[in-house]
Every structure is written in structure tokens, then in C-alpha cells.
Amino acid sequence: MEIRMFAPGDRAELRELFGRVGEGAPTASLWGHVDSEAAVYLDPYMELEPDSLFVAVSGGALVGYLTGCLDSARFPGEGERMEKAMRTYKLMFRARPTAFFARSLADLAWAAVRRQPRVGEFADTRWPAHLHINVAPEARGTGAADGLMSRWFDRLRTAGSPGCHLQTLVENTRAVRFFERMGFAEHGPAPLVPGLRHDGRRVHQRTMVWSAGRAAGEAETAARTSAWRR
């Protein structure tokens, strides 16, 4: 398994990988239009911050990737990217996206009536960086995800970042366990994700955070414990 930085020649293969990495996960498909989903969650990272994009390669083929951003405040927000994709691909004239967005409005109304927390873009200077990571089904359990996260943590440390956040789903228990093992902790409420369904059920957003200082402290403690045991 090779973990390396994204190169321009990876673009076409990475787009193909994007379309299938979510297989089996609650976010396998969002609104049912891969090109516009990539325009929100992949293309901006290739264009605006390629130095924070890493790929996992096995047998000469891409099997996973991590898109990162060191400072979310300087990156187009998810809402802005979504609006641009909707205009570019005329999603309101496509059946599956239209159904998704109509369901989203109904979910927002449902949550408002019950006074439940609403999803929103995360902004906290303690955790300015963010990431998205995906690994193809055939590469899960091979160390690809661990390798990608290791490179990302190196990137954060080199840049002097104080911390990082990510957003996954409460119902994606495999992902939550993985991020906890990587040193992330749950943060804040778990609001309903409008429009999204998994096995016919509503799903909820889980925000998780990683602090550089905490990670360094845990590493130092582990080193001291190891030395004491020796």
C-alpha cells in the first residue's frame, strides 16, 4: 500500500473512485447525481488545496483518498459549493435531486416543530482544519485509511494547525469507531441530516474534533508509560 500526495494525472481515476467508494455506507449516494456530488465534495479540493489531498494506491490503482483543508474559513463553504453545483447541473430539473431537496425541506420543518438542533457548517478556531476520507470496499482493513490519516496528521503538524474537525453520521458506526481510534472525540449535538436516508430511516450528523495539543500529550504519556514498563 502506497500513500502519496495527489498528482494532476490522478484526476480522472480519482473521479471514478469517488463514484464507488461509499458502497455500503449511509452516504453511498446523497442526491443521486455523482457529478454534482463530486463538484461539492471532491473537485474544490483538487483545485484549491491539492497539497492537502492524499491518495492510497494498491497494485497501481487508487483505492482511497483523503481531502483536507488547513483553514476552513478560507475555503468555500459547503452551502456555497452546493448552490454552485445546483446551478451548474440544473439539479432542480432532475428527478432524484428534486426528490432529495423536497425531502430536505420536509425534514427541516419536522425538526423545527420538534425544536431539534439544525445542521450547520462548523466554525471554531480551535479546530480550523477539516477532512473527508473514503476508501474503496476492497481496501478496507488493509491499512489504507490509517496511512491516509497518518499523512494528514503529518500535514497538520507541519503547518502548525491547532486542530481538525470532521462530520460523519451517527449511524455510520464503523466510521465513528475509526475516528475515535485516530484520536477524534465527539463534539456537540447530533442533528438530523435533511433529506438523507439509510435503509429508509433518517440519519444524524456527528461532528468530531482532534486537537494537536491533546494528541501530543497522549503520545508523550504513552512514551513515558512504555519507558517505565521497560
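Since this is a predicted model, take the numbers as computed values, not measurements.
Around the CZ atom of Arg174, the shell of radius 6.0 Å holds no more than 12 heavy atoms that belong to other residues, nucleotides or ligands. The number of heavy-atom neighbours closer than 6.0 Å to CZ of Arg74, taken from other residues, nucleotides and ligands shown, is 12 or below. More than 12 non-hydrogen atoms from other residues, nucleotides or ligands lie less than 6.0 angstrom from CZ of Arg20.
Remark: Arg81 does not engage Asp43 in a salt bridge, criterion side-chain N to carboxylate O under 4.0 Å. The residues Asp154 and Arg157 are annotated as salt-bridged, a charged nitrogen and a carboxylate oxygen being separated by less than 4.0 angstrom. Here Arg11 pairs with Glu47 in a salt bridge; the nearest charged N to carboxylate O distance falls below 4.0 Å.
Atoms CZ and OH, on Phe6 and Tyr65 in that order, are 12.0 Å from each other to the nearest 0.5 Å. In this structure, CZ on Arg151 lies 8.0 Å from CD1 on Ile3, to the nearest 0.5 angstrom.
The closest side-chain heavy-atom distance from Phe122 to Ser72 is not below 4.5 Å. Here the side chains of Leu91 and Phe100 are not in contact, with every heavy-atom distance at 4.5 Å or above.
Side-chain N/O atoms of Arg126 and Ser211 include no donor and acceptor closer than 3.5 Å.
For Tyr45 and Phe75, the gap between ring centers is short of 6.0 Å.
When atom types are taken as modelled, the side chain of Arg140 and the backbone of Val135 share a donor-acceptor pair closer than 3.5 angstrom.
Screening Arg15, Lys90, Arg94 for a salt bridge (Lys or Arg N to Asp or Glu O under 4.0 Å) with Asp35, the sole residue that qualifies is Arg15.
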Give the C-alpha distance, both sets of side-chain angles, the deciding distance and a yes or no for ring-ring contact (aromatic ring centres under 6.0 Å, His included) between Phe18 and His132.
CA-CA 11 Å; Phe18 175 87; His132 301 280; 9.7 Å; no
